[in-house]
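The shown structure was predicted, so the numbers you read here are calculated from the model rather than taken from an experiment. All values below were derived from every heavy atom in this structure, side-chain atoms included, with hydrogens, water molecules and symmetry-related copies excluded.
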Amino acid sequence: MSSQFSNLVQRAEKAQIQYTRHGDKSNLHIAIKHFLTALHLPLPRHSWRILTMVALANTWKGLYEEQHASPDLERAICFYKGALSLCTPGNPNRSVVLSSLASCAYARCQLQEDFSNLMDIIHDLKEALSLQAPSHPNRPTILQHLGDYCLEVFQLQRRREDLDESVSFLRELLMFGPRECRDMSQTLHKLAYSLWTRHKYFGEISDIEEAVQYNRQALLLRGPGHKARPWTLHNLGACLVDLYGRKGEAESVNEALKYLKEVAIQWPSKHSHQASCLHNIGSCLLYQYEMEHRIQDLEEAIQCFENALSLQNPEDPLRPSVLHNLSVCFQTLYERQGGMEILQKAISSHREAILHSNDENPEKDMNLFNLGWCLVRRYEQQGSNLDLEESIRLFKEVLFRGQISNHDRPEVLSRLAMALQERYTHSRVPQDLDEAIKLEEEALLLQSPRESGGSASLSLCLWTRYQYRGMPEDMEKALEYMREALRHCSSENPRRSKLLNNLATLIWTQYQRFHTAEDLEEAIKCHTEALKLQSVGDPDRSTTLSNLGTCFSTRHHDHKKSIQDLDQAMYYNQEALRLRQPGHPLRSISLNSIGDYLHEKSQMQRCSDLLEEAIQYHKEALMLNPIGHPRRFFTLKCLGKCYWIRFEQQEHTKDLKEAVQYCQESVDVCPPDDPLFATTLGTLALLMIKASDVFPSSYSSQEAEALFKQAVCHPTANVRERYDVALSWVFSRNGPASIAAYLACLELANQFIHLRPSVLSRRQLLCGKLIPLTVASNAAALTIENGDLRRASRLLSSISR
C-alpha cells in the first residue's frame, strides 16, 4: 500500500514539475488526479495524509493563480482546512498550513471584495508566527502579510491597536537582512506609510519624523529608473509637507517641492494619484508663500489646486482638502490685493468644501470659520445684513461642534465677537455686545500669558496636565499662576468670578491629593465669593452652586460629620437643579448629587422613605444619561449602592441582585482610564462578596478578590481613593482578609502619609486614625500563621511607629 501511495505522489510531483517547466495547465489537473487517488488510500501514517492534502491544496491554489476561477480557490481552502484539522498543536506542519490557508483566504477577500473576516486571517497568521523560530525562512513573508493586513483593518475600523501592530510587524521584518527580506525597499516604503498614517490620525510627531527617515532609505534603494521610485518620491514629499506643518522648518518645504515636482513629471496626467501629487505641490507653494510672501507662489498654488480638482471625481475623499486649500488661497489673495471677484471665488470654494466634508473631517470647522470671515468681509463691502447674520451663525456652529482646537478657539471667539459688535452698531441690541464681551473674555483666558497679560490660561493648562499625569509640580505651579491672575483682577472685573471658580477647582484638586481641611475651607470660600458676584441669570451660577454642594458634602463625609453640612449640600444642589431645567446639559449631575445626599441622610436617620426618594432621583438621571453617555456609569453606580442599602435594610434578595446588576453595568461602561474606575470596581467587588454569601452558586468571592486587586493597582485613581478601596477590601468579610488585602492597605496608607507636605501634617493624619490598628495586627497574625516571621516582624514594627 505504501509503494502504491509513493508511486501516485511521485507521478503527481512529476506533473507539477512539468507544469513549472512548460506552463501546460493540463499537468496541474494530472497532479490533482494523482493526489486525490492517493488520499483515498488507507494511509499508514497520519503525516502522509497531511502532506498530501497540503500538496493538493497547493496545486489547486496554483490552478487558481493561473485561471482565476473561484471554485479552484475554494477547493484549495477546503483542503488546507482539512490539513489544519489534522495538525494538532505541536505538529511541525501546522505553521505552514496556517500561513497557506491565510494566503488563500485573503485572496478570496480580494475576489469577493469582502474583508469582513480579515481579523480571522490575521489570527491564523499570528498563530503561525508564534509557532516559528525567529530564523524560520517563512517568517519574513508572514510578517509582511501581517503588516499589510493590520493596516487594512485599521483603514476599515480605525482602531489604534491595529495600526500599532502593523508598525510592529513591519519593524520586525526590517530586522531581517536583504537575503531574508526579499524587497527591503518595499518594506521600508510600507513601514513609512504605516507611520505616516498613524501620524495623520493620532498626531505623534515622532511618527512623521520616522516616516521621513524610512522613505529616504527606500529612495536610496529605488534609484533612477526603478518602477516604484515615483511612489516613494510622492510619499516622501507628502511626509515632508506634514513635517513642515508640525515643525515649521523651511527646508522641509523646499525638499518636498523638489521631490513632488519630479513625480509630477514622471506620472502621466491621468495617473490615479496625480491629483494627490498636485495637491501636495500646491500645499508646499502655499507654505512657501506664508514664509516669503511672493505672490507668484500663491498664484501657482491656486493653479495646482484647480488642476487637482479637474482630475478628481466629486466623490474623491481628497476633494474636500483640495477645496479647503484652494479657498484659503483665494482668501489670502483677497486679503493681499482685494477684489470682489476673488472674494466670491473664496466664498464659493468654501461652500463647496463644506458640502463635500463629513462631520468627522477636521477641516470642516476651518471651512465654516473661513466662510464666516469671508462673509464679514463681503458685508463690509456690500452691507448686506444677510451676510452678517450667516457669518454669526457659522462662527457659533464652529463653537457648538466643539471640535476646534484650543489653539484656534480664541480666534474663532474673537471673530464672532467682532461680528456681534458689528451687528450691535446698527441694531443696538444689548445682548449682542454683552455676548461679544464674554467671548473676548473667554478668548483671553485661552491665550498664553504673554498674549493675555495674565497667567490664568497657563494655570489651567498646568492643571489639566496634572489631571492626566499627576506630577505634583504642575499642581503647585497651577495654583501659583492662578493666584497671581486673581491678584491682578479687581473686584469690578467681570472675569473675577470665573477666576475664583477656577482657583477653587484647583484647590479642590489639591484637597483630593492631601486631604487637608484648610484646602477644603479655602475652596468653599472661593466658591462663595464667586457666587456673590454672579447674578441670578449668570450661566456659570448653577456650576458654582453645584461645586459648593460638593464641597459641603465632602466636609460632612471626611471631617465634621455634621448634619448641617449635609443640609447645606442639599440646599446648594437643589438651587443648581432649579437653574438646570429639563434640557439643561448638566441636569443629571444635580439629580445624582441630590440622590447621593438623600442616600447619605437615609443611612444617618435610618429612613427608608429618603432612600426611596434617592432611588427616584438617580433613575431620573439615568433616563438623561442613555447608553453611550459619559456620565452613565456614575449614575449606575449610585443606583447599585442604593439598592444595596435597601437590601441591607429590608433583606429582599431581589434588591441585592439589582445592586450587582447596576454596578456590573457601571464597570462595563466606565472608561478604564477614568479616575473613578477604581472606586467603581471596589463597589462591585464589595457587592460580589455579599452576593457570594447569599447566592454562592451565582457569584464568586474569588472574582471579587480579583476586582479588588485590579482596583487598588489602578493607575489613574489617586492614592487616597485606592487606599479607601483597599480598606473596604480588608473589612469586606467578618473574618480575616487575605494577606494581599492587608499588604495593599498598608502600602497605600504609607504612600498617602508620605504625600503630606510636612511632618506635622503626617502626624495629624496618623492621629486621625487613618489606619485602624487591627489592619496591621491582623496582617501580622496572618503572616505568622503562614510561617513568614520576617514579614510579620516588619508589620508589627509598623504598628509601633
Pair Thr635, Asn592: side-chain N/O donor-acceptor within cut-off below 3.5 Å: yes

Presence of salt bridge, Glu575 and Arg541, under 4.0 angstrom: no

Non-hydrogen atoms of Ser542 and Ala576 that approach each other most closely: O-CB, 3.6 Å

CA sep, side-chain torsions, deciding dist, call: Leu636, Gln664, side chain to side chain contact (heavy atoms under 4.5 Å, CB included): CA-CA 9 Å; Leu636 289 164; Gln664 181 64 64; over 6 Å; no

Any Cys150 side-chain heavy atom under 4.5 Å of Ile122 side chain: yes

Glu529/Lys498 salt bridge by N-O under 4.0 Å criterion: no

Derivation of the side chain to side chain contact (heavy atoms under 4.5 Å, CB included) call for Leu548 and Ile524: CA-CA 6 Å; Leu548 270 169; Ile524 291 173; 4.2 Å; yes

Donor-acceptor pair, side chain of Gln581 and main chain of Arg578, under 3.5 angstrom: yes

Residue list, side-chain contact (heavy atoms from CB on, under 4.5 Å) with Thr544, at least two apart or on another chain: Asn501, His527, Ala530, Leu531, Gln534

Min side-chain heavy-atom separation Lys364-Arg401 under 4.5 Å: yes

Over all atoms of both residues, closest heavy-atom pair of Leu545 and Tyr572: O-CB, 3.4 Å

Closest contact, heavy atoms only, Tyr643 versus Lys619: OH-NZ, 3.0 Å

OH/Tyr571: more than 12 non-hydrogen atoms of other groups inside 6.0 Å: no

Shortest non-hydrogen separation from Ser593 to Asn573 and the atoms involved: CB-OD1, 3.2 Å

Spatial distance of atom NE2 (His556) from atom CG (Asp565) [nearest 0.5 Å]: 8.0 Å

Min side-chain heavy-atom separation Asp724-Thr679 under 4.5 Å: no

Inter-residue atom distance Asp519.CG - Thr516.OG1, 0.5 Å rounding: 3.0 Å

Separation between SG of Cys642 and CD of Glu612, rounded to the nearest 0.5 Å: 9.0 Å

Test: Asp164 and Arg198 ion pair at under 4.0 Å: yes

Glu658 CD to His652 NE2 distance, which is reported to the nearest 0.5 Å: 12.5 Å

Test ring pair (Phe, Tyr, Trp, His ring centres under 6.0 Å) applied to Tyr201 - qualifying residues, sequence neighbours left out: Phe154

Validation row: Ile615, Arg646 side chains within 4.5 angstrom (heavy atoms): yes

Where Leu656 and Ala691 come nearest, the two heavy atoms and their spacing: CD2-CA, 3.8 Å

Salt bridge Lys525-Glu521, side-chain N to carboxylate O under 4.0 Å: no

Lys637 to Tyr662 six-membered ring, cation-pi geometry met (6.0 Å, 45°): no

Reported CD-to-CG distance for the pair Glu665 and Leu684, which is rounded to 0.5 angstrom: 12.0 Å

Step-by-step side chain to side chain contact (heavy atoms under 4.5 Å, CB included) determination, Thr554 to Tyr511: CA-CA 10 Å; Thr554 302; Tyr511 170 76; 3.5 Å; yes

Glu620 vs Arg587, side chain to side chain contact (heavy atoms under 4.5 Å, CB included): CA-CA, chis, key distance, verdict: CA-CA 10 Å; Glu620 185 181 347; Arg587 182 174 173 83; 3.4 Å; yes

Nearest-0.5 Å distance, CD of residue Gln157 to CG of residue Leu118: 8.5 Å

Any donor-acceptor pair under 3.5 Å from Ser553 side chain to Gly549 backbone: no

Side-chain touch Phe708/Ile689, heavy atoms, less than 4.5 angstrom: yes

Atom NZ of Lys200: over 12 foreign heavy atoms under 6.0 Å: yes

Qualifying residues under ring pair (Phe, Tyr, Trp, His ring centres under 6.0 Å), relative to Phe395, sequence neighbours excluded: Phe369

Salt bridge Asp693-Lys690, side-chain N to carboxylate O under 4.0 Å: no

Non-hydrogen side-chain atoms of Lys601 and Gln605 separated by less than 4.5 Å: yes

Sidechain-backbone polar pair: Thr509 side chain, Thr505 backbone, donor-acceptor under 3.5 Å: yes

Atom CD of Glu522 with >12 non-hydrogen neighbours under 6.0 angstrom: yes

Side chain to side chain, Leu687 and Tyr699, heavy atoms closer than 4.5 Å: no

Thr680 and Ser666: side chain donor to acceptor below 3.5 Å: no

Shortest non-hydrogen contact between Gly595 and Ala614, atoms and distance: O-CB, 3.3 Å

Electrostatic pair Glu600:Lys641 at N-O distance under 4.0 angstrom: no

Minimum side-chain heavy-atom gap His599-Cys638 below 4.5 Å: no

